[in-house]
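Data block below; observations after.
As the structure is a computational prediction, the values presented were derived from the model and not from experiment.
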2 protein chains.
Amino acid sequence: MLSQTSRYALNALIVIARSGGQVNVRVIAEQASIPPNYLGKILHVLGRRGLLRSSRGVGGGFQLARRPEEIPLLEVIETFEDPQFFARCLLGSESCPEGRPCAAHALWVPIVEQTRRFFETTTLADLLAEAQPLAALAEPAPLPERA
Amino acid sequence: MLSQTSRYALNALIVIARSGGQVNVRVIAEQASIPPNYLGKILHVLGRRGLLRSSRGVGGGFQLARRPEEIPLLEVIETFEDPQFFARCLLGSESCPEGRPCAAHALWVPIVEQTRRFFETTTLADLLAEAQPLAALAEPAPLPERA
DNA sequence: TTATATCATCATGATAATATGAGCTTTAAA
DNA sequence: TTTAAAGCTCATATTATCATGATGATATAA
């Protein structure tokens, strides 16, 4: 459904949000199991998109540019997926032109709309709410400070 | 959402179903705007899967192995997509292991389930029902016989 | 002011999906 | 029995995605 890149971005944002402050690429890469070099590029793009702020030098890293409740998943996904991601119909190679829909159009539209609405209304905060109980199960100290 | 290959397969099946009988690769490729060589390979796979029957030699071609009402879209899609297509969760690179779901799991499952159900319950016949009125609009003779 | 940690950027490689082309095999018709 | 139509199969090309590595720029701290 989503590209590997979008999944990396979402997982990285969860790690950053959970840290509550600034984290560097190496730490994010470790915690989210993402190749560090590739992650650097992804975070840079999220920065240009206005979702992250970065600072360089000793003690630098990335932090959220907004509160998690103000980051809908749709905004993350749009950054890395084809802009036609939700416009594209089931059978067509492009979006169905208005007034000349593909064979599956009427049947497919409700599914796409519901999916789009999910990404529009679900925010990073919702993922955190789901994720934290699990982290608590897995690790003794859910929010350890890092050097 | 779907790969190009799956979309080609669905569109090809629609053309074959509409013909009502046997059609050769060249004709299907023209009507569905699919590269003929690539289409040949796709149809061959659909044949091995039991969705199509083929016959060679002069006057040969492909035809449906079952009635359109008995061909759920899911069966076509499973032929070309990753088997994990519907098991894969939003954030995970694999399906969420039982008892250790990813951060988005509980939120995402209803969306996936609805989508899966769509592909399970929608058949080729449903696509034909959608497609035919459009063909009638576009062409004077909706179901021309072909040599 | 020097050293080091860190993000920024560019160039390159690996892999999978998509697509093409050529020759082989089977079948039906002349 | 010959011929040609058509699917079958394999080898190769193209493209986008995913990923790595090396170097440059910048900020902090000693």
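Rounded to an integer number of Å, the gap from B:L46 CG to D:dG7 P is 14 Å. Taking atom NE2 on B:H44 and atom C1' on D:dA6, their separation rounds to 13 Å, with Å as the unit. The separation between B:Q22 atom CD and C:dT27 atom P is 13 Å, rounded to whole Å. Separating the CG atom of A:L43 from the C1' atom of C:dC7 is a distance of 10 Å, rounded to the nearest angstrom. If you take CD1 of B:I42 and C1' of D:dC8, they are 15 Å apart, rounded to a whole angstrom. As a whole-Å value, the separation of B:F80 CZ from C:dA16 C1' is 17 Å.
Looking at B:M1 and B:F85, their side chains come closer than 4.5 Å, going by heavy atoms from C-beta outward. Annotation: side chain of B:N37 is not in contact with side chain of B:K41 (no heavy-atom distance under 4.5 Å).
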Requested in this report: Walk me through it: do A:L90 and B:F118 pass the test side-chain contact (heavy atoms from CB on, under 4.5 Å)?
Outcome: CA-CA 12 Å; A:L90 187 59; B:F118 170 81; 4.0 Å; yes
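Annotation for B:R66: atom CZ counts as buried by contact number, over 12 foreign heavy atoms lying within 6.0 Å. Counting non-hydrogen atoms of neighbouring residues, nucleotides and ligands closer than 6.0 angstrom, the CZ atom of A:R117 reaches no more than 12 such neighbours.
Using the six-membered ring where Trp is involved, A:W108 and B:F119 have ring planes that are tilted, between 30° and 60° apart.
In this structure, a donor-acceptor pair under 3.5 Å is absent between the side chains of B:T123 and B:E70. There is no side-chain donor-acceptor pair under 3.5 Å between B:S3 and B:Y8.
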Could you pull out the protein-nucleic contacts involving nucleotides 17-23 of chain D (nitrogen or oxygen on both sides, under 3.5 Å)?
unit_1: D:dC18; atom_1: OP1; unit_2: A:Q4; atom_2: N; d: 3.1
unit_1: D:dC18; atom_1: OP2; unit_2: A:T5; atom_2: OG1; d: 2.8
unit_1: D:dA19; atom_1: OP1; unit_2: A:Y8; atom_2: OH; d: 3.3
unit_1: D:dA19; atom_1: OP2; unit_2: A:Y8; atom_2: OH; d: 3.1
unit_1: D:dG21; atom_1: N7; unit_2: A:N37; atom_2: ND2; d: 3.4

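Proximity of residues 49-58 of chain A to DNA chain C (heavy atom under 4.0 angstrom from any strand atom) is restricted to A:S54, A:S55, A:R56, A:G57, A:V58.
Backbone-only engagement by A:G61 is indicated by non-hydrogen atom pairs under 4.0 Å involving sugar-phosphate atoms exclusively. Within 4.0 Å of B:G40, counting heavy atoms only, lies no atom of the nucleic acid at all.
Note: A:L2 CG to A:Q4 CD = 10.5 Å, rounded to the nearest 0.5 Å.
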